[in-house]
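The structure appears right after this line, and notes come after that.
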There are 2 protein chains.
Amino acid sequence: MGYSIKTIAQKSGLSQYTLRYYEREGVLPVVARDVNGNRCFNDEDLELISLICCLKDTGMAIADIKQFIAFSQEGRDRLPDQRKLLQEHKQHIDEKIKFFQSFARKIDHKIAYFASLENEAKASGNHKTT
Amino acid sequence: MGYSIKTIAQKSGLSQYTLRYYEREGVLPVVARDVNGNRCFNDEDLELISLICCLKDTGMAIADIKQFIAFSQEGRDRLPDQRKLLQEHKQHIDEKIKFFQSFARKIDHKIAYFASLENEAKASGNHKTT
DNA sequence: TATTGACTTACACCTAACTCTAAGGTCTAA
DNA sequence: TTAGACCTTAGAGTTAGGTGTAAGTCAATA
């Protein structure tokens, strides 16, 4: 009945240490326990962990994720607050995508420039670059 | 005659602490000094710092940037190594862009879902969400 | 029944990337 | 000639986000 921490670690890609750390910090809501006091995750937890990973991997700070989770535990009154957090984060992501795309172009130019220098170098000496 | 650390901090957006730290760590090549031993940056340094910021802001670790800079100080023999590092990093960036885009879609769905719940909630009680 | 393996908590430790402090040198303007 | 703004180094402290250890519980199995 429910998943052990080991299973969830495998499914989520987070370590057991990290899962416990997240629960301790309030990044995860408190997880249910079985009769022996062992954590007993369900599909809803798994779903939430996947969202948390997405938020984290797109650069949201643990403290902000914690705030988001806290709102989700408070009930429907907090839906607008949750939505606001997501919308703000979405904006950050959009900005990052733009920045990354512009840098991808910049780096492509650099690579082409290096390639041209390499061809040059085949015919001459060995000097400093950049 | 060159730029002071203060000027470079303003132009680059890095703090003076960070600039010194970068030089200490070899993230920046050793910077020229004036007669009093004060750092004296030039336009080439500024150019390099801009590249370093791009690498860092797109997630390259300080240690890898350091390696890149070390190659650039060794001369044209290392051009292929420099190019390889950039190409690998470019791949990471491309993957990140894809991941970020897919998450941007996911979060948009979530936002829409929250909005629909909010409308529902206007007519009923206050329960847990997510 | 003794061992094995998975789990628990509390707490110490680690790494990356800064960030600050202390103690001091040099230049310029009043 | 002193005040203030700027710089220097060495080294300590901070923050975020984990990661690891020690000591103990519990259940299944040889």
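These numbers come from the heavy atoms of this one structure, side chains and all, not from hydrogens, waters or symmetry mates. Chain letters run A, B, ... following the sequence lines, proteins first, then strands; residues in each count from 1. Since this is a predicted model, take the numbers as computed values, not measurements.
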Look for any protein N or O under 3.5 Å of an N or O in nucleotides 9-12 of chain C and output each such pair with its distance, or none.
{"unit_1": "C/dT9", "atom_1": "OP1", "unit_2": "A/Arg33", "atom_2": "NH1", "d": "3.2"}
{"unit_1": "C/dT9", "atom_1": "OP1", "unit_2": "A/Arg33", "atom_2": "NH2", "d": "3.2"}
{"unit_1": "C/dT9", "atom_1": "OP2", "unit_2": "A/Arg39", "atom_2": "NH1", "d": "3.2"}
{"unit_1": "C/dT9", "atom_1": "OP2", "unit_2": "A/Arg39", "atom_2": "NH2", "d": "2.9"}

Identify every side-chain donor-acceptor pair in residues 101-108 of chain B under 3.5 Å, counting partners at least two apart or on other chains, and give the distances.
{"unit_1": "B/Ser102", "atom_1": "OG", "unit_2": "B/Phe99", "atom_2": "O", "d": "3.0"}
{"unit_1": "B/Lys106", "atom_1": "NZ", "unit_2": "A/Ser50", "atom_2": "OG", "d": "3.1"}
{"unit_1": "B/Asp108", "atom_1": "OD2", "unit_2": "A/Lys90", "atom_2": "NZ", "d": "3.4"}

- prompt: Starting at the 5' end of DNA chain D, which residue's closest nucleotide do you reach first, A/Tyr22 or A/Val35?
  reply: A/Tyr22
- request: Go through the structure and list residues passing ring pair (Phe, Tyr, Trp, His ring centres under 6.0 Å) with B/Tyr21, not counting sequence neighbours.
  value: none
message: Tell me whether A/Arg78 is salt-bridged to A/Asp81, with the criterion being a basic N under 4.0 Å from an acidic carboxylate O.
response: yes
statement: Residues at least two apart in sequence or cross-chain that pass side-chain hydrogen bond (donor to acceptor under 3.5 Å, both in side chains) with B/Glu118, listed by chain then number, are A/Arg83
- prompt: Minimum heavy-atom separation for A/Cys40 to A/Gly2, with atom names?
  reply: SG-CA, 4.0 Å
- request: Examine B/Leu48 and A/Tyr113 and state if one hydrophobic cluster contains both, with Ile, Leu, Val, Met, Phe, Trp and Tyr joined whenever side-chain heavy atoms are less than 4.5 Å apart.
  value: yes
- prompt: Taking DNA chain C as the partner, which of residues 52-62 of chain B come within under 4.0 angstrom of it by heavy atom?
  reply: B/Lys56, B/Ala61, B/Ile62
query: In whole angstroms, how far is the C1' atom of C/dT21 from the OH atom of B/Tyr21?
result: 18 Å
- request: Name all pairs fulfilling the salt bridge (Lys or Arg N to Asp or Glu O under 4.0 Å) condition that reach into residues 4-23 of chain A, sequence neighbours left out, sorted by first residue then second.
  value: A/Glu23-A/Arg33, A/Glu23-A/Arg39
- request: State, to 0.1 Å, how close B/Ala9 and B/Ser15 come at their nearest heavy-atom pair, and which atoms those are.
  value: CB-C, 4.3 Å
field: Any residue meeting side-chain hydrogen bond (donor to acceptor under 3.5 Å, both in side chains) with A/Ser116, in chain and number order, not counting sequence neighbours
entry: none
query: Would A/Tyr22 end up clustered with A/Tyr17 when hydrophobic side chains under 4.5 Å apart are linked, directly or stepwise?
result: no
message: What is the distance, to the nearest angstrom, from the CG atom on B/Asp64 to the C1' atom on C/dA17?
response: 14 Å
- prompt: Will you find, in the side chains of B/Asp43 and B/Tyr3, an N or O donor that is under 3.5 Å from an N or O acceptor?
  reply: yes
Closest contact, heavy atoms only, A/Phe41 versus A/Ile5: CE1-CA, 3.8 Å
message: Any base atoms under 4.0 Å from A/Gln16, or only sugar-phosphate, or nothing? Heavy atoms, all strands.
response: sugar-phosphate
Integer-rounded Å distance: C/dT19 P and B/Glu25 CD: 14 Å
- request: Would you indicate whether B/Gln87, at its atom CD, is surrounded by more than 12 heavy atoms from other residues, nucleotides or ligands within a distance under 6.0 Å?
  value: yes
- prompt: side-chain hydrogen bond (donor to acceptor under 3.5 Å, both in side chains) with A/Asn36: which residues, sequence neighbours excluded?
  reply: none
Side-chain donor-acceptor distances from residues 55-70 of chain A under 3.5 Å, at least two apart:
{"unit_1": "A/Thr58", "atom_1": "OG1", "unit_2": "A/Cys54", "atom_2": "O", "d": "2.7"}
{"unit_1": "A/Thr58", "atom_1": "OG1", "unit_2": "A/Leu55", "atom_2": "O", "d": "3.0"}
{"unit_1": "A/Thr58", "atom_1": "OG1", "unit_2": "A/His89", "atom_2": "NE2", "d": "2.7"}
{"unit_1": "A/Lys66", "atom_1": "NZ", "unit_2": "A/Glu25", "atom_2": "O", "d": "3.3"}

field: Contact list for DNA chain C against residues 85-92 of chain B - heavy-atom distance below 4.0 Å
entry: none
- prompt: From the 5' end of DNA chain D to its 3' end, which nucleotides mark the outer limits of contact with chain A, defined by a 4.0 Å heavy-atom distance cut-off (strictly under)?
  reply: D/dG17 to D/dA27
message: Taking 4.0 Å as the cut-off, does a side-chain nitrogen or oxygen of A/Asn38 come that near to OP1 or OP2 on C/dA6?
response: no
- prompt: Short question: side chain of B/Ser12, backbone of B/Ile8 - any donor-acceptor pair under 3.5 Å?
  reply: yes
field: For DNA chain C, the residues among residues 2-15 of chain B that have a non-hydrogen atom under 4.0 Å from it
entry: none
